[in-house]
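I have placed the structure first, in the form of structure tokens, so that the comments after it can refer back to it.
None of the values given here were measured: they were computed from a predicted structure. In the text below, chain A, chain B and the rest are named by the order of the sequence lines, each starting its count at 1.
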Amino acid sequence: MSENAALLTVLFAMIGGAIRVSTPFIFVSLGECLTEKSGRINLGLEGTLVFGAMAAYAISFLSGSPWLGVFVAGCCGALLGAVHGWVCKLPRVNDVAIGIALMTFGLGLAFFFGKPYIQPAAPRLPSIPLADWTGNASLATALKVNPLFFVGIALAVFLSWAFRNTRTGLILRTTGDSAAAARAMGVSVDRVRLLATTAGGFLAGVGGSFLSLYYPGSWSEGLSSGQGLMAVALVIFARWDPMRCLFASMMFGAAGAIGPALQSIGITQGYYFFNAAPYVVTLFIMIASSSTKGALASAPGELAVTR
Amino acid sequence: MSALPAHTPAPGRAIGLETAGIGKIFGPLVALDDVSIKVPAGSFHALLGENGAGKSTLVKCIMGFYQPDRGQVMVDGREIQVKNPREARAAGIGMVYQHFTLVPSLTGAENLVISRLDVPAVIDWTAEKKALDTFLQRMPFRVPLDVPVAHLAAGEKQKLEILKQLYLDQRFLILDEPTSVLTPGEADEMLGLVRGMTQRGEITVLMITHKFREVTAFADDVSVLRRGRFAGGGKVSELSHDAMARMMIGDTVVRARAERKPMGKTPVVLHLAGLFAEDDEGLPAVKEFELKVHSGEIVGIAGVSGNGQSQLVEAISGQRELSSGRMFIHDQPFEPKRGAMDRFKVFGLPEEPLKNATVPNMSVAENMAFRSFDKPPIASIGWWLRPGPMRQKARELIARYRVKTPSTETPIANLSGGNVQRAVLARELSGDVDVLIVANPCFGLDFASVAEIRSQIMEQRNRGAAVLLVSEDLDEVLELADRVAVMSGGTITYVAPIGETDRTTIGAHMAGH
């Protein structure tokens, strides 16, 4: 294999990886973005993601329809989100602590119900071959794209539009930035946050279904390896902007694809190191975007961490 | 409905409001007792009273935040039941709060549109912008609507708050201390415009205030509350400032002002040389700040809030890093660390003392020992603390500075604002003071506490301390300072001895002219 061809293979693999790996990030980060815009942090999305993955796989296996699995995963996520939203409504409850509790709860529940589904193979989500016509094998593999990726892009565009141009969007931002102002308007702050957390949970659940039904494409306990938590960091990095969430997710995806891409051309040295790339990126982003002096300029004013 | 509430303020649309025998009880506290005030349509009514006199409770009863236990609210002679702020709004009653209720990250236009009850699910911004333009053209003042509110100056925010109420077609406006964040010029302009609207019969205004000057200049009538009761009122033209003050404070004994002792030529004690500091967002807040304070002198720094005063005080008291510049005391370099503050006898009374100068959950005694806990008699061999002497010292200070606290062991957060202020003052002034840094010392305090605290500051000056007083209350600066400096855009734009300047000149410099 010539130098150029190898480079091209790595490049294609990274593009393909960016698309595949980024999809769950897109969904979880958009869900978290939505929740945080309402003034609450849901750290439980890691649990939601894994539970969604398990639920999707189980339903797909039992019913034979992967799309039904995606939907059920979303509903399970919404339920977990609703629990978070409802508990946080109670007086003197800290949303970060509840988030961590729900993360552990979601993980435990997923492992408990997921035991029987580790072995069997469930029908997976289909993909759209975008580059078969080129005749380039590696490009064709890279551009087998799952429809959920496009749904994610559309969702980011929609959210970014809706935050500015709809009544719901403005009320959500108001609630997240100044609960007092929202209350003065007669808006029930708790209800807005409950709905936002529920919707955020739904998206995270859908993100989970992608993990088990498309890439990597099977259910196991080590499936997510912290992607739900990284998505939270990603929202901060993206400064609570859906479009930037999208691009940041793709960047994370590309970073995550370095390891497998290099392996595909026979470079196995430092494989584990390259697999750690997304985590290293997370760490550096958090350091780079941190401030010793105060809250981030564009953070919603009601977030517990910025107040 | 696409856009456009498009109500024209028209003469004769103002509504009158009356409260009849309003009473409100919170547990053991009688917040309001039989308060009746009458605000005829198209009038400008001032509501005077000290903190805790019941002004806020009264307007909150009108606005539907609270339900009065007794009495009625009447609009244009008919009794109305206001169960929540939404119903007040439907009745045409709007309130501009002291703390802004605009959403910082939304633009002015977004703030206005979302405040409407009938916003369509999808907002047609082209139509809305056009409607807003038409609306603004009829308004006496203009505010940029396409930038996030967080970037507006305080005066613009205040105007936007008022615009919002007019946009919502509220015809009875309650203004809660509307000028506290404005320059005297801005305040006069804003109140003048509002006054014009009342005179044309477009709106009725009830303004909560404690500034007599504004009452005399703009209001038709005044009602004074004291300890939850109606203490007097009438036509402003028939009342003197003294008469209003007596209604406000009743027979409370107010400590006489400490005399200003004449000082000759005194040496420079505090020298702030070219200070630069950044705000929380990393933007320059204090720029090339240069000032010398002499012994036995109070330098008052006037300015509209948000012009770098907080950052300046934080930098001098070691709460914020200087990005450049140096400080000298008696010509020796000074770094705001505990040791150096002790050595140079630097003391301070920062704004919001509960947040900036105390540990809220620690006891009064412990908080009062912050400057002395590591020295005998409280500490022995440098680190062994003895609670006995600590409590003993706290008891002395509590008695001397009349701090009202149940015991020395009460968490300081349980004390009222004035008493927290006194406790901190007691701690800071109990020793020998060379340099005193004071920021907004009387914010939100009652007459008696204000007089007490100002006298203490004056006494320190008379004893030879160099005092730097940062205050958003121009009257306070005019009363206490020997020299006035105006801070605008993070730097000093004007300095003058108190005898050679006046309110108008200072006001013009505060506005940045």
Can you list the residues that meet the ring-ring contact (aromatic ring centres under 6.0 Å, His included) rule with F247(A), with sequence neighbours excluded?
->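 With neighbours one apart ignored, the set is empty.
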
Spatial distance of atom CD1 (I114(B)) from atom CD1 (I171(A)) [nearest 0.5 Å] |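 It is 4.5 Å, given to the nearest 0.5 Å.
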
Can you measure from OG (S105(B)) to CZ (F163(A)) and round to the nearest 0.5 angstrom?
->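 Here the rounded value is 11.0 Å.
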
Around [X], counting heavy atoms of other residues, nucleotides and ligands shown, do more than 12 lie under 6.0 Å from its [atom1]?
| X | atom1 | answer |
| --- | --- | --- |
| F71(A) | CZ | no |
| Q319(B) | CD | yes |
| E288(B) | CD | no |
| W86(A) | CH2 | no |
| R191(A) | CZ | no |

Check: V119(B) main-chain N/O paired with R167(A) side-chain donor or acceptor under 3.5 Å |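 Yes, R167(A) side chain to V119(B) backbone: donor-acceptor pair under 3.5 Å.
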
Side-chain donor/acceptor of D177(A) to backbone N/O of V103(B), under 3.5 Å |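 It does not hold such a pair.
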
Give the member of M63(B), E110(B), R89(B) that has the highest number of heavy-atom pairs under 4.5 Å with chain A.
->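 Ranked by heavy-atom pairs under 4.5 Å with chain A, first place is E110(B).
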
R164(A) portion near chain B, given a 4.5 angstrom heavy-atom threshold |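 For R164(A), heavy atoms of backbone and side chain both lie under 4.5 Å from chain B.
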
Heavy-atom side-chain contact between L106(B) and T174(A) under 4.5 Å |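 Contact flag for L106(B)/T174(A) side chains = yes.
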
Considering heavy atoms only, which positions within residues 145-152 of chain B lie below 4.5 Å of chain A?
->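 Answer by number: none.
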
